[in-house]
Participant: 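One structure, as structure tokens, below. Some questions next.
Here, residue 1 is the first one in the sequence, and each next residue gets the next number. Everything numeric here is computed off the predicted structure, so don't read it as measured data.
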Amino acid sequence: KNPFKDYYLWLKGEIYDVQALSDTLESADKLRKTIDKLESKQKSTEAKLDKLNSKKMSFQTLFQKDSTKEESKKTCIEQIAKYKEDIEIYQKLTNICEKHVAREVIPKFKEEKTEIYYKMIQLISVGEIHN
């Protein structure tokens, strides 16, 4: 029996485990980026609402009727409320994910991998002694 085949399969499994942990951390980063995008959209919508409320004329609002401007204001207010709600939900989700990863996933991963590494080193040592 070729011991290098066993080592190869073990290392391949370890690579998959590390990749899974890396994917978990990347997902948390994606959640943070989503929050940043929503905050950016919220700020731009708030700026648009401020322009509408200040009654400054822009090329876009120059030819609009007052009723259309009021609808635009109402739409902006609704969008801002939706963005705030979405940001709050994503922040809660991000906090839950980060706490779970920090408190459970990483310590368990570290503990399991340390134990497996010691066993593999023992197996490699025994294999080398017998060769």
Participant: When you look at OH of Tyr8, are more than 12 heavy atoms from neighbouring residues, nucleotides or ligands closer to it than 6.0 Å?
Facilitator: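 It does not: Tyr8 OH has 12 such atoms or fewer within range.
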
Participant: With side chain to side chain contact (heavy atoms under 4.5 Å, CB included) as the criterion, how do Tyr7 and Met120 come out once you've worked through the C-alpha distance, each side chain's angles and the decisive distance to 0.1 Å?
Facilitator: CA-CA 8 Å; Tyr7 304 149; Met120 283 305 293; 4.0 Å; yes

Participant: Please name the pair of heavy atoms, one in Gln79 and one in Thr45, separated by the smallest distance, quoted to 0.1 Å.
Facilitator: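 Smallest interatomic distance, heavy atoms only, reads OE1-CG2, 3.5 Å.
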
Participant: Kindly give the heavy-atom pair with the smallest separation between Pro107 and Ala102, and that separation in Å.
Facilitator: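 Reported closest heavy-atom pair: CD-O, 3.4 Å.
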
Participant: Does the side chain of Leu49 come within less than 4.5 Å of Asn53's, by heavy atoms?
Facilitator: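 When only atoms from C-beta onward are counted, Leu49 and Asn53 do touch, with a gap below 4.5 Å.
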
Participant: I'd like to know if the side chain of Ser22 reaches the main chain of Val18, judged simply by a donor and an acceptor atom lying under 3.5 Å from each other, with no hydrogens or angles considered.
Facilitator: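 Flag not set: sc Ser22 to bb Val18 has no pair under 3.5 Å.
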
Participant: Answer yes or no: is there a side-chain heavy-atom contact under 4.5 Å between Asp17 and Glu112?
Facilitator: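 A side-chain contact is absent here, since even the closest heavy-atom pair is not under 4.5 Å.
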
Participant: Going from NZ on Lys48 to CD1 on Ile80, what distance comes out if it is rounded to the nearest 0.5 angstrom?
Facilitator: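 One gets 10.0 Å once the value is rounded to the nearest 0.5 Å.
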
Participant: Side chains of Gln91 and Asn95: donor-acceptor distance under 3.5 Å anywhere?
Facilitator: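 The criterion, which ignores hydrogens and geometry beyond distance, is not satisfied for Asn95 and Gln91.
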
Participant: More than 12 heavy atoms of other residues, nucleotides or ligands under 6.0 Å from NZ of Lys113: yes or no?
Facilitator: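 Above 12, so yes.
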
Participant: In Å and rounded to the nearest 0.5 Å, what is the NZ to CD distance from Lys84 to Gln42?
Facilitator: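 Between atom NZ of Lys84 and atom CD of Gln42 there are 5.5 Å.
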
Participant: How long is the straight-line distance from NZ of Lys73 back to CD of Glu78, given to the nearest 0.5 Å?
Facilitator: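 Interatomic distance, Glu78 CD to Lys73 NZ, rounded to 0.5 Å: 14.5 Å.
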
Participant: Just wondering, more than 12 heavy atoms not from Lys74 lying within 6.0 Å of its NZ?
Facilitator: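 No, NZ of Lys74 has 12 or fewer neighbouring heavy atoms, counting only those of other groups under 6.0 Å.
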
Participant: Please report the interatomic distance CD(Glu104) to NZ(Lys108), rounded to the nearest 0.5 Å.
Facilitator: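 With rounding to 0.5 Å, CD (Glu104) is 8.5 Å from NZ (Lys108).
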
Participant: Answer yes or no: is there an ion pair linking Arg32 with Asp29, defined by an N-O contact shorter than 4.0 Å?
Facilitator: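 The answer is yes: the pair qualifies as a salt bridge.
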
Participant: To the nearest 0.5 Å, how far apart are OG1 in Thr94 and CD1 in Ile35?
Facilitator: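 Here the rounded value is 3.5 Å.
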
Participant: Is there side-chain contact between Leu123 and Trp10, with heavy atoms separated by less than 4.5 Å?
Facilitator: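 With C-beta onward as the side chain, the pair stays apart.
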
Participant: Consider only side-chain heavy atoms of I, L, V, M, F, W and Y, link residues closer than 4.5 Å, and tell whether Leu25 and Val105 are in one cluster.
Facilitator: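 Yes, Leu25 connects to Val105 through the hydrophobic network.
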
Participant: Does atom OH (Tyr90) have a neighbourhood of more than 12 heavy atoms from anything else shown, all under 6.0 Å?
Facilitator: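 Not buried by this count: 12 neighbours or fewer within 6.0 Å.
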
Participant: Is it true that a side-chain atom of Thr34 and a backbone atom of Lys30 form a donor plus acceptor pair closer than 3.5 Å?
Facilitator: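 Pair found, side chain donor or acceptor close to backbone of Lys30.
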
Participant: Flag yes if Leu11 and Ile116 sit in one hydrophobic cluster, no otherwise; membership is Ile, Leu, Val, Met, Phe, Trp, Tyr, and two members link when side-chain heavy atoms are under 4.5 Å apart.
Facilitator: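 They do share one cluster, since a chain of ILVMFWY contacts under 4.5 Å joins Leu11 to Ile116.
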
Participant: Is there a chain of hydrophobic side chains (I, L, V, M, F, W, Y, each step under 4.5 Å between heavy atoms) that links Leu38 to Leu93?
Facilitator: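 Yes; Leu93 is reachable from Leu38 via cluster members.
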
Participant: Nearest 0.5 Å, what's the OH-SG distance between Tyr83 and Cys76?
Facilitator: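 It comes to 9.5 Å.
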
